[in-house]
**Student:** 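Before I ask anything, let me first share the structure, which is written out below as structure tokens.
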Amino acid sequence: MKLDFLSDLNPAQREAVESVEGPLLVIAGAGSGKTKTLVCRMAYLVAQGVSPEGILLLTFTRRAAREMINRAGSLLKGNVDQITGGTFHSICNLLLRQYGHLLGYERNFTLLDRGDMEDLLNLIKNSLGFTDQKKRFPTKQTLAGIYSKYINQVKPLSEILAKDYPQFLEFLPEIEKLFVEYQNYKKEYQLMDYDDLLVNWLTILKNFPTVREEVGRRFEFIMVDEYQDTNYIQGEIVKYMGETHQNVMVVGDDSQSIYGFRGANFKNILDFPKLFRGTKIIKLEQNYRSTQAILDLANVIIANSKWKYTKTLFTEKKKGEKPYLLRAKDETESSQFIADKVLELREKGLKLSQIAVLFRSAYHSYDLEVELTKRGIPFIKYGGLKLLESAHIKDLLSFLKIILNPRDYISWNRVLLLLEGIGPRTVEKILNLLKREPNHSGFSKIILLSPSQELKRFLSLYQELTHNLETPTSLLGQIWEFYEPIFQRIYYEDYTKRLRDIEGLFSLSEKYLTLEEFLTDLILEPFEITELEDKVLDEDPLILSTIHSAKGLEWHTVFIISLIEGRFPSLYSLHNEEELEEERRLFYVAVTRAREQLFLIAPLTVYIPGEGKGIAKPSRFLKEIPPYLYSEITLKNQFSKEETPLRSEHILNSTLYKVGDLVKHPHFGEGEVLEVLGEKIKVNFINKGPTLLHLKYTQLEKLL
């Protein structure tokens, strides 16, 4: 059979396709054509006489498996549908129907979906009497999340709770007991949840050598896509299923392992040669996506990784602009620059859908979303909730709205229901009274309607704020001080994660002088943002996306924003070596999404909730990039007449440099040399505790 498709492969791809016998690890760099390689290898195996029934393809979506098998059939101009392909979970389900009896399961065991799992956990929680706690026991949804992490990450439950759910550590013995009862119940009533599919199939593979042999004869060749995203259990399944024949090919990129929070174990790909002795390693380094200038920068980023397969991406696209670096004054200037550049690119004929703005966390784009809406630039956002979709943000905005308009009874209703001891009936009475006696005249009567101390404190705060209208940031700060304990009580399950949105709201408020202007921009215009996906647009929208949601995609032009310490890398990774390395890989993934143009943006100042603007320290990943690999953008009119670049003598020689000029923030360490608008400044800090300090930007401005 003439195999024309082999001539379309580069030497490394062809070597991977034609390597048939024995274990094979293909390190497929970003944009190197890994899917094409997998498809061609399936076709090649069949062309060499391997029965399609003897090939197993494991992927992370069933759709991906179907598409690859169909493409292999097209190359051979024949039917290869007998190749077995699917996700780990779907294949495990298929095999457990055949071998589950070895663990006491009948073929017709019931598979629980997430909702069923949550309901069963809740049933057991109630039967154990854990609902009578004075303190809040985890909800069924949270219990399901804890259990899934506990199973997939193969870590002690105490470690899972300490890292992700510290508020529930005191319930460790109760949760452990609940999970044991949950597992016993499933076994007794012939039930399996999503995670059991992996765990039970691995148990059979480990404990029954004859099954391993049967499966080895059935699937002579095993191929695994995106191997860097497998978890520990999936890695073990691959090891045991390929034990008898060793014909296992895994394809992936250790540099793109970014799903540790889901349980993915990037060490699987590093340790593959230890599991399968004699592993042949082939590196796909030719990139078909980006220009060499972008790849040079990506290569430097990943070269500093502590755990990796060394590789150097290259391309035949030698021409191209260097990536650009912008140290914008603040997030507002960053957003304005991006909007200007997007409009400029559109004028040159580039579709908005070929431009993407990528960020580490969803809240990093809030300022940009407002700016794009003002400019009428259509966009769509992937990853995370949009600002106004968050319940806690709606809460805070309701406080602001009733300050601006005391007759906004919808917002009054939301605020009052937040208060402890206030129910719907009391709210109805209060609202009726407010309608009859507006302008605070009825407050003394409202207090008589309920003994709630929170209500009294709120009414006092409300009167104070309406009599002394300040900037939106100042108002938010005072409201937050009152709302924070309510926030922690209502959103007890995940309030630490929601804090990031609060930071985003504070940051947005900083650029407004009046409450009316702030609420107008934030409430009236961005509502169009949330409706954008349902609208018929004149053109495809600009893409805003978290980097996790952008993996596997590519665009002509990419902007990566908020490249500062505490944001990228994230604050939560700074004291954990493995998590910090995953942040590096995340940056590498972001950079390699760009085909022609790349913009790296790091604001010089950032807003710290309750404190004001603080100097932002550039991401450590930026500092590792040699200046010759990028072009630095200097914006015209970066400073207004009232502003001057900060110089070292302004700080070090000033009598105003004292403890009062310091605020809590994790960005800087003791005795660090800071680079403030191009000037290096050594600052000696007095605090050696877990919370570090840095100079408050608003105080620094007073030194000029």
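The chain is numbered in sequence order, starting from 1. As a basis for the values below, the full set of heavy atoms in this structure was taken, side chains included, without hydrogen atoms, waters or symmetry mates.
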**Student:** Output all residues satisfying salt bridge (Lys or Arg N to Asp or Glu O under 4.0 Å) with Arg593, sequence neighbours left out; order by chain, then residue number.
**Tutor:**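 For Arg593 there are no salt bridge (Lys or Arg N to Asp or Glu O under 4.0 Å) partners, ignoring immediate neighbours.
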**Student:** For Tyr232, is the OH atom crowded, meaning more than 12 foreign heavy atoms sit under 6.0 Å from it?
**Tutor:**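 Count not over threshold, so no.
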**Student:** Please identify each residue that fulfils ring pair (Phe, Tyr, Trp, His ring centres under 6.0 Å) with Trp555, with sequence neighbours left out.
**Tutor:**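 By the ring pair (Phe, Tyr, Trp, His ring centres under 6.0 Å) rule, Trp555 matches no residue at all.
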**Student:** Please check if the side chain of Gln256 supplies one atom and the backbone of Asp229 the other of a donor-acceptor pair under 3.5 Å.
**Tutor:**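 Judged by distance alone, no pair lies under 3.5 Å.
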**Student:** Please list all pairs meeting side-chain hydrogen bond (donor to acceptor under 3.5 Å, both in side chains) that have one or both residues in residues 37-47, counting only residues at least two apart or in different chains.
**Tutor:**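 Every candidate side-chain hydrogen bond (donor to acceptor under 3.5 Å, both in side chains) pair involving residues 37-47 fails, so no pair, neighbours aside, qualifies.
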**Student:** For Glu579, enumerate each residue passing the salt bridge (Lys or Arg N to Asp or Glu O under 4.0 Å) test, keeping only those at least two apart in sequence or located in another chain.
**Tutor:**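 Applying salt bridge (Lys or Arg N to Asp or Glu O under 4.0 Å) to Glu579 gives Lys163.
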**Student:** Could you label the plane-to-plane angle of the Tyr150 and Phe179 rings as parallel, tilted or perpendicular, counting under 30° as parallel and over 60° as perpendicular?
**Tutor:**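 It falls in the parallel class, under 30°.
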**Student:** Of all residues at least two apart in sequence or in a different chain, which pass the salt bridge (Lys or Arg N to Asp or Glu O under 4.0 Å) check with Lys267?
**Tutor:**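 By the salt bridge (Lys or Arg N to Asp or Glu O under 4.0 Å) rule, Lys267 matches Glu578.
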**Student:** In Å and rounded to the nearest 0.5 Å, what is the NZ to CG distance from Lys187 to Asn200?
**Tutor:**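 If we round to the nearest 0.5 Å, Lys187:NZ and Asn200:CG are 7.5 Å apart.
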**Student:** Which residue is it: Gln228, Arg585, Lys283, Lys311? I am looking for the one with a side chain to side chain donor-acceptor pair (under 3.5 Å) to Asp253.
**Tutor:**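 Option passing the side chain to side chain donor-acceptor pair (under 3.5 Å) with Asp253: Lys311.
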**Student:** Under the side chain to side chain contact (heavy atoms under 4.5 Å, CB included) test, which residues partner Ser570, sequence neighbours left out?
**Tutor:**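 Result, side chain to side chain contact (heavy atoms under 4.5 Å, CB included) vs Ser570: Arg360, Tyr572, Ser573, Glu583.
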**Student:** Can you sort out the partners of Tyr182 under ring pair (Phe, Tyr, Trp, His ring centres under 6.0 Å), two or more places apart, ordered by chain and number?
**Tutor:**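 Tyr182 satisfies ring pair (Phe, Tyr, Trp, His ring centres under 6.0 Å) with Tyr147 once adjacent residues are dropped.
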**Student:** If we ignore angles and hydrogens, is there a donor and acceptor under 3.5 Å between the side chains of Ser148 and Asp195?
**Tutor:**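 Present: a donor and an acceptor within the cut-off.
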**Student:** Is there any ring-ring contact (aromatic ring centres under 6.0 Å, His included) pair reaching into residues 50-91, and which pairs are they, with sequence neighbours excluded?
**Tutor:**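 Non-adjacent pairs meeting ring-ring contact (aromatic ring centres under 6.0 Å, His included): His89-Tyr194.
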**Student:** With sequence neighbours excluded, give me every salt bridge (Lys or Arg N to Asp or Glu O under 4.0 Å) pair touching residues 204-213.
**Tutor:**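 Salt bridge (Lys or Arg N to Asp or Glu O under 4.0 Å) check on residues 204-213 returns Arg212-Glu243.
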**Student:** With no hydrogens and no angle check, just 3.5 Å: does a side-chain donor-acceptor pair link Asp296 and Gln292?
**Tutor:**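 There is such a pair (donor and acceptor under 3.5 Å, judged by atom type) between the side chains of Asp296 and Gln292.
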**Student:** How long is the span from the OG1 atom in Thr312 to the CG atom in Leu295, to the nearest 0.5 Å?
**Tutor:**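 Reported to 0.5 Å precision, the distance equals 10.5 Å.
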**Student:** Quick one: ring pair (Phe, Tyr, Trp, His ring centres under 6.0 Å) partners of Phe359, sequence neighbours excluded?
**Tutor:**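 Per chain and number, Phe359 pairs via ring pair (Phe, Tyr, Trp, His ring centres under 6.0 Å) with no residue.
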**Student:** Kindly check if the number of other-residue, nucleotide or ligand heavy atoms within 6.0 Å of NZ (Lys318) is above 12?
**Tutor:**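 It does: Lys318 NZ has more than 12 such atoms within range.
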**Student:** Under the salt bridge (Lys or Arg N to Asp or Glu O under 4.0 Å) test, which residues partner Glu15, sequence neighbours left out?
**Tutor:**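 Glu15: salt bridge (Lys or Arg N to Asp or Glu O under 4.0 Å) contacts with Lys280.
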**Student:** What residues, two or more places apart in sequence or in another chain, satisfy ring pair (Phe, Tyr, Trp, His ring centres under 6.0 Å) together with Tyr288?
**Tutor:**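 Ring pair (Phe, Tyr, Trp, His ring centres under 6.0 Å) list for Tyr288, sorted by chain: empty.
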**Student:** Could you grab the distance from atom OH of Tyr240 to atom CG of Leu205, nearest 0.5 Å is fine?
**Tutor:**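 Between Tyr240 OH and Leu205 CG, I get 8.5 Å after rounding to 0.5 Å.
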**Student:** Distance check, rounded to the nearest 0.5 Å: Leu143 atom CG versus Gln141 atom CD?
**Tutor:**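 That separation rounds to 9.0 Å.
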